[in-house]
There are 2 protein chains.
Amino acid sequence: MARANEENRRKPVTLSDVARAAGVSQATASRAINGSQRTVNEELRQRIFTAAEKLNYTANLSAQTVARGTSTTVALLVSDIADAYFSSMAASVMTAAEAAGLRVTIAVTERSVQREIELVRELRGQHARAIILAGSGYLDSDLTEPLVRELEMFEDMGGRVVLVSRMDLPFAGVDLDNLEGAKRLASALVRLGYQSFRVLGGERELVATRDRVAGFRAGLDGHGITLGDDRVIYSNFSWEGGFDAIQAMDDRVLADTGLIFAVNDEMALGALAGLRNRGMRVPGDVALAGFDDIRSLRNIVPTMTTVRVPIEEVGREAIARALEVGDGHQPRVVTAIVVLRESTPRLN
Amino acid sequence: MARANEENRRKPVTLSDVARAAGVSQATASRAINGSQRTVNEELRQRIFTAAEKLNYTANLSAQTVARGTSTTVALLVSDIADAYFSSMAASVMTAAEAAGLRVTIAVTERSVQREIELVRELRGQHARAIILAGSGYLDSDLTEPLVRELEMFEDMGGRVVLVSRMDLPFAGVDLDNLEGAKRLASALVRLGYQSFRVLGGERELVATRDRVAGFRAGLDGHGITLGDDRVIYSNFSWEGGFDAIQAMDDRVLADTGLIFAVNDEMALGALAGLRNRGMRVPGDVALAGFDDIRSLRNIVPTMTTVRVPIEEVGREAIARALEVGDGHQPRVVTAIVVLRESTPRLN
DNA sequence: TTGAAAGCGCTAACAA
DNA sequence: TTGTTAGCGCTTTCAA
């Protein structure tokens, strides 16, 4: 089975090989195979396809990109592809992209704005058609300005930028309705009889943290309950963040807490583990709610109250915005839905 | 903010722009910026970099790929990126790739061999450096032969093929030790006192199903316990598959079952939900074990016995094999470790 | 409708 | 060490 050593490697079949085999010019072969507006005589067309098939021709995408000056690739930038939320999102974006005849390349930002900047820069070099930035969303970073500049250069080049869940920058976007979703959740919980809340936030600078905390607070406000700053505990936007925050909580504080709202489900799951680790029952001793409605919630007992982000819709909308022309910047809002489950039972 | 309409879009900065600005030839600029063996005079080098910086130059990857005839992209083919196992794998492959200066593009096969074939074909056109196929692993498919042919053409072109967890094809690979892992699990369970087993398999044609079932059976055999064919229930290799298999089980069969081994954790979690749905307690009424040790196991109660596949190592090994030259086909084996937890307590 | 030829941005002989 | 020049595989004017 000695194939493909440095020496005996077969040169790939090119379009000109196909053209020669079919007895036409390369231009005609190009028009027939890689579609263009112009039509090709049916008989030639047949000959060309037959030749291509026989030679096992596949178009060299890079060459097409160079020649055309544009590609059909959209890039999805996520913080961490192993995270359930982002991997679901990637799946939905890929499905939508496929339907639109686009290919997707996924890049991981590792929650670093610096990395985002580098990646956007590279993608400019790759002539990506669009960038869907679903990453961190760090506010107030010194790097926000450079990031915006880089994104603008990307658009100047003809690419399109779509931001998911952060509307503070001047680009097209899909808004996740964090604020309203959290607000409705707070309302629903008050109506179930809860009075004493604590909130577990991720990094303070994160858009998701800020909006969800603010929304939750606004929702409580509407019922005359004030969520003091001391009732919001900031940690990491991850399972470990939720776990650690609980571990660090004072016994008396915990005893005084009726319900904990973690700003995402991963944190809520970490908190759940933390609570159990401290011998607390959920919802017996304390109720718990999250945000996102990630798939793995179906595995836990008790079932968990959360705010569902319809992730397929997010993917579809992101691709739709990526395909739009012009530069409208009004975000498309995807509605988040409160889902009440066992972790927050009605109080008597 | 009217940028980037069709009309007023700025032409991207090219290498010749940089060269002109620096007052050198394009060749020199190329050597300085996009590294080559050859060295460039330090002063020129400075001038070139300054010019590149000022003009915000980024190399056009496609053009480089065309000119060089090879790319630094490796493609990872997975069944479903939303699946916890595959998304972890993607993360580990990306980390390892980054360290090696490669970029990764992820493509989804949707558990279809036909799709795998198409993708490999496209990747040949993209001059990908390597393909890591971590997908389905369907045996006995009519399409296996075409797939192999396509992969061989990919290698003929100079690309490298790395198979994860399927050693039946003549390519480099990373073996997951499915057989031995399942065998050790069976042994450990027998030693805990279990006697009556059922196995939940995924699709019969799946390598993972076949090897894990065979390994488990062999492990039991070693202790004089025979696992009859009627004790293996085939379903889908997914959460739903596990759930459905349990729903479809006869009451008497279930009552006669001491332990259920699901061939992957997702199925085990589905089975857990199914068992609870039928009012069975785990491990009180029936014990349960899975395979993979996916991350979300940390959220469930009881903690679940499984066989850990060290996924980071798989990613590293896959990239290492992708970088190897020559055509050795002996798979690198990654050892799977039995992890006993609460779902399979020792029996008195 | 077809073909010849120029060009996309870059690299790599080959000379100088 | 640098520059000249000829490609890489493809698309797309421009003539025919």
Side-chain angles (χ1 to χ4, degrees), chain A residues 9-48 51-52 55-73 122-128 157-158, chain B residues 9-48 51-52 55-73 122-128 157-158:
Chain A
R9 106 186 178 196
R10 213 149 50 188
K11 216 165 86 321
V13 177
T14 71
L15 188 57
S16 82
D17 296 332
V18 174
R20 194 174 321 112
V24 298
S25 78
Q26 190 179 314
T28 307
S30 170
R31 298 193 264 252
I33 292 189
N34 302 317
S36 77
Q37 322 302 12
R38 322 198 28 181
T39 46
V40 173
N41 176 291
E42 186 52 31
E43 193 210 316
L44 286 190
R45 194 188 176 72
Q46 287 299 339
R47 282 226 307 271
I48 294 166
L55 296 175
N56 269 305
Y57 170 77
T58 24
N60 183 323
L61 244 190
S62 303
Q64 284 188 191
T65 302
V66 174
R68 296 210 251 248
T70 72
S71 77
T72 61
T73 297
E122 275 189 26
L123 290 166
R124 179 155 56 87
Q126 289 176 56
H127 281 268
M157 188 209 77
Chain B
R9 106 190 183 190
R10 212 148 53 188
K11 216 166 88 312
V13 177
T14 71
L15 188 57
S16 83
D17 296 331
V18 173
R20 193 173 324 111
V24 298
S25 78
Q26 191 178 315
T28 308
S30 169
R31 296 192 267 253
I33 292 189
N34 303 317
S36 77
Q37 323 302 12
R38 324 204 21 189
T39 46
V40 173
N41 176 290
E42 186 51 32
E43 193 210 317
L44 285 190
R45 195 188 176 70
Q46 286 300 338
R47 283 227 305 273
I48 293 166
L55 296 175
N56 269 305
Y57 170 76
T58 22
N60 182 322
L61 244 189
S62 304
Q64 286 189 178
T65 303
V66 173
R68 297 210 250 248
T70 71
S71 77
T72 60
T73 297
E122 275 188 25
L123 289 165
R124 177 156 57 87
Q126 291 176 54
H127 281 268
M157 188 211 76

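Any value given below was found using the heavy atoms of this structure, including those in side chains, with hydrogens, waters and symmetry copies removed. Note that the coordinates shown come from a computational prediction; the quantities given were computed from them, not determined experimentally. Order of the sequence lines sets the chain letters (A, B, ...), proteins ahead of strands, with each chain counted from 1.
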Think [X] has a side-chain N or O under 4.0 angstrom from the OP1 or OP2 of [N]?
X     : N      : result
B/T28 : D/dT2  : no
B/S25 : D/dG3  : yes
A/S30 : D/dC10 : no
A/N34 : D/dT11 : yes
A/Q64 : D/dC10 : no

- Task: Check whether any side-chain N or O of A/S30 sits under 3.5 Å from a backbone N or O of A/Q26 as a donor-acceptor pair, and report yes or no.
- Result: no
Tell me if a side-chain donor or acceptor on A/R124 pairs with a main-chain N or O of B/N56 at a distance below 3.5 Å. yes
Between CD1 of A/I33 and C1' of D/dG9 the distance, given in whole Å, is 13 Å
In whole angstroms, the gap separating C1' of C/dG9 from CG of B/L61 amounts to 12 Å
* **Pairwise 5' ranking along DNA chain D for B/L44 and B/V66, keeping only the more 5' one** =>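 Between the two, 5'-proximity favours B/L44.
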On DNA chain D, more 5' by nearest nucleotide between B/A67 and B/Q26 is B/Q26
Side chains of B/I48 and B/I33: closer than 4.5 Å at any heavy-atom pair? yes
Worksheet item: Is any side-chain heavy atom of A/L123 closer than 4.5 Å to a side-chain heavy atom of A/Q126?
Response: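 Yes - at least one pair of side-chain heavy atoms lies under 4.5 Å apart.
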CE of B/M157 to OG1 of A/T58, rounded to nearest 0.5 Å, is 8.5 Å
inquiry  = Please report the interatomic distance CG(B/L61) to OG1(B/T72), rounded to the nearest 0.5 Å.
reply    =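 One finds 6.0 Å between CG of B/L61 and OG1 of B/T72.
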*asked:* Please report the end-to-end axis angle for the helix from C/dT1-D/dA16 to C/dA16-D/dT1, five pairs per end, rounded to 10 degrees.
replied: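 Comparing the first five pairs with the last five, the axes sit 30° apart.
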